[in-house]
Engineer: 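Sharing a structure with you now.
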Amino acid sequence: QLQACGGGLVQTGGSLSVSCAASLRPFRKYIMGWFRQAPGKEREFVAAVSASGSLTEYTDAVKGRFAVSRDNAEKTVYLQMNSLRPEDTAVYYCAAGLSWSIATQTYAYGYWGQGTLVTVSS
C-alpha cells in the first residue's frame, strides 16, 4: 500500500529525492515517516510529517539537509536529501501510521513500503 521510489547512486555533497505513493484511504489521516537501515545496523528514524503536513520532525543527523513534505491530493510523501554524505547510505523506507501526533518510533507505523536504496559514494 506504500510504494517508494527514487533511490540511486549519488556522490558526496549531491542531492536526491525519494517519494512514496500511498493507496491508503483517507491518506490525509495518516502521519508519514521515513526510516533508513544501513547494512549491519538497525532501522532508524529519519523524518516524519504530520497528517496535515504542517509539522515535521527530523533526526539530528539530517537536520538542515533533508526536507520531508507531503501532497495529500496526490497521496504522496517526499524526502528531499541535500548535502548527502556516505553515512546516509541505506535503504530508505516510508511508513504510515494513525496517530494524533508525529512519531519517531517504528511501532507507531503500521504500514511500510518496500524500501529504496540510496548510495552515497565518497
Side-chain angles (χ1 to χ4, degrees):
Q1 303 191 59
L2 297 174
Q3 183 71 36
C5 62
L9 175 64
V10 64
Q11 291 186 333
T12 296
S15 298
L16 201 62
S17 179
V18 292
S19 62
C20 177
S23 59
L24 299 168
R25 296 181 181 180
F27 178 71
R28 67 181 185 280
K29 289 194 174 182
Y30 288 84
I31 61 169
M32 298 298 296
W34 285 98
F35 292 76
R36 66 187 180 187
Q37 187 165 17
K41 296 188 177 181
E42 294 186 353
R43 191 169 299 188
E44 64 174 358
F45 169 77
V46 176
V49 59
S50 63
S52 67
S54 61
L55 298 175
T56 57
E57 187 164 342
Y58 301 90
T59 188
D60 287 346
V62 307
K63 282 181 181 177
R65 301 189 297 122
F66 289 14
V68 60
S69 62
R70 65 189 292 161
D71 184 332
N72 283 349
E74 296 296 325
K75 299 183 181 65
T76 302
V77 62
Y78 305 92
L79 183 67
Q80 176 65 42
M81 301 179 286
N82 301 321
S83 302
L84 283 160
R85 306 166 181 169
E87 54 264 39
D88 295 318
T89 295
V91 175
Y92 283 71
Y93 298 90
C94 62
L98 287 171
S99 174
W100 291 109
S101 60
I102 290 180
T104 63
Q105 305 89 346
T106 56
Y107 62 74
Y109 296 85
Y111 300 91
W112 292 82
Q114 85 285 6
T116 184
L117 177 62
V118 172
T119 304
V120 185
S121 63
S122 57

Engineer: Between the side chains of Asp71 and Thr76, is a donor N or O closer than 3.5 angstrom to an acceptor N or O?
Structural biologist: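 Judged by distance alone, the side chains do not pair up.
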
Engineer: Find out if a path of hydrophobic residues (ILVMFWY) with successive side-chain heavy-atom gaps under 4.5 Å connects Tyr111 to Val68.
Structural biologist: yes

Engineer: Hey, could you give me the CG/CD distance between Leu16 and Gln11, rounded to the nearest 0.5 Å?
Structural biologist: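 Between atom CG of Leu16 and atom CD of Gln11 there are 12.5 Å.
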
Engineer: Just jot down the ring pair (Phe, Tyr, Trp, His ring centres under 6.0 Å) partners of Phe66, sequence neighbours excluded, or say none.
Structural biologist: none

Engineer: Under a 3.5 Å distance rule, please check whether Ser50 uses its side chain to pair with a backbone N or O of Leu55 as donor and acceptor.
Structural biologist: yes

Engineer: Quick one: name the residues clustered hydrophobically with Val91, using the 4.5 Å side-chain heavy-atom rule over I, L, V, M, F, W, Y, and just say none if it's on its own.
Structural biologist: Ile31, Phe35, Phe45, Tyr93, Tyr109, Trp112, Leu117

Engineer: Taking all non-hydrogen atoms of both residues, which atom of Val118 and which atom of Met81 are closest, and how far apart?
Structural biologist: CG2-CE, 3.8 Å

Engineer: Taking all heavy atoms of Thr116 and all of Gly6, pick out the closest pair and write down the distance.
Structural biologist: OG1-N, 4.1 Å

Engineer: How far apart are the closest heavy atoms of Ala38 and Ala90, and which atoms are they?
Structural biologist: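 Shortest heavy-atom contact: N-CB, 3.8 Å.
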
Engineer: The criterion is side-chain hydrogen bond (donor to acceptor under 3.5 Å, both in side chains); which residues satisfy it with Lys63, sequence neighbours excluded?
Structural biologist: Asp60

Engineer: With a 4.5 Å limit on heavy-atom distance, are the side chains of Arg36 and Val62 in contact?
Structural biologist: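 Contact flag for Arg36/Val62 side chains = yes.
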
Engineer: Answer yes if Leu98 and Val77 sit in the same cluster of Ile, Leu, Val, Met, Phe, Trp and Tyr residues linked by side chain heavy atoms under 4.5 Å apart, and no otherwise.
Structural biologist: yes

Engineer: If I compare all heavy atoms of Arg70 with all of Arg28, which pair ends up nearest, and what's the gap?
Structural biologist: NH2-CA, 4.2 Å

Engineer: Within the distance-only criterion (no hydrogens, no angle test), does the side chain of Arg43 pair as donor or acceptor with the backbone N or O of Gln37 below 3.5 angstrom?
Structural biologist: no

Engineer: Quick one: closest heavy-atom pair of Thr104 and Glu57, and the distance?
Structural biologist: CG2-OE2, 3.5 Å

Engineer: Distance from Ser122 atom OG to Arg85 atom CZ, nearest 0.5 Å?
Structural biologist: 14.0 Å

Engineer: Under a single-linkage definition using a 4.5 Å side-chain heavy-atom cutoff for Ile, Leu, Val, Met, Phe, Trp and Tyr, are Trp34 and Tyr58 assigned to the same hydrophobic cluster?
Structural biologist: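 In one cluster: yes.
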
Engineer: Measure the distance from the SG of Cys20 to the SG of Cys5 and say whether it is below 2.5 Å.
Structural biologist: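 Answer is no, sulfur atoms not closer than 2.5 Å.
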
Engineer: Do Thr12 and Ser121 have side chains that approach each other closer than 4.5 Å (heavy atoms only, starting at C-beta)?
Structural biologist: no

Engineer: Look up atom CD in Gln80 and atom CZ in Arg65, then write down how far apart they are to the nearest 0.5 Å.
Structural biologist: 12.0 Å

Engineer: Between the main-chain N or O of Val120 and the side-chain N or O of Thr89, is there a donor-acceptor pair closer than 3.5 Å?
Structural biologist: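 Answer holds: yes.
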
Engineer: Please check if Leu84 and Tyr78 belong to a single hydrophobic cluster, counting links between Ile, Leu, Val, Met, Phe, Trp and Tyr side chain heavy atoms closer than 4.5 Å.
Structural biologist: no

Engineer: With a 3.5 Å distance limit and no angle check, can you tell me whether Gln114 reaches the backbone of Ala4 through a side-chain donor-acceptor pair?
Structural biologist: yes

Engineer: Quick one: does any side-chain atom of Asp88 pair with a main-chain N or O of Ala61 as donor and acceptor, under 3.5 Å?
Structural biologist: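 Pair absent, no side-chain N/O of Asp88 close to backbone of Ala61.
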
Engineer: Of all heavy-atom pairs between Ala96 and Leu24, which one has the smallest distance, and what is that distance?
Structural biologist: CB-CD1, 3.4 Å

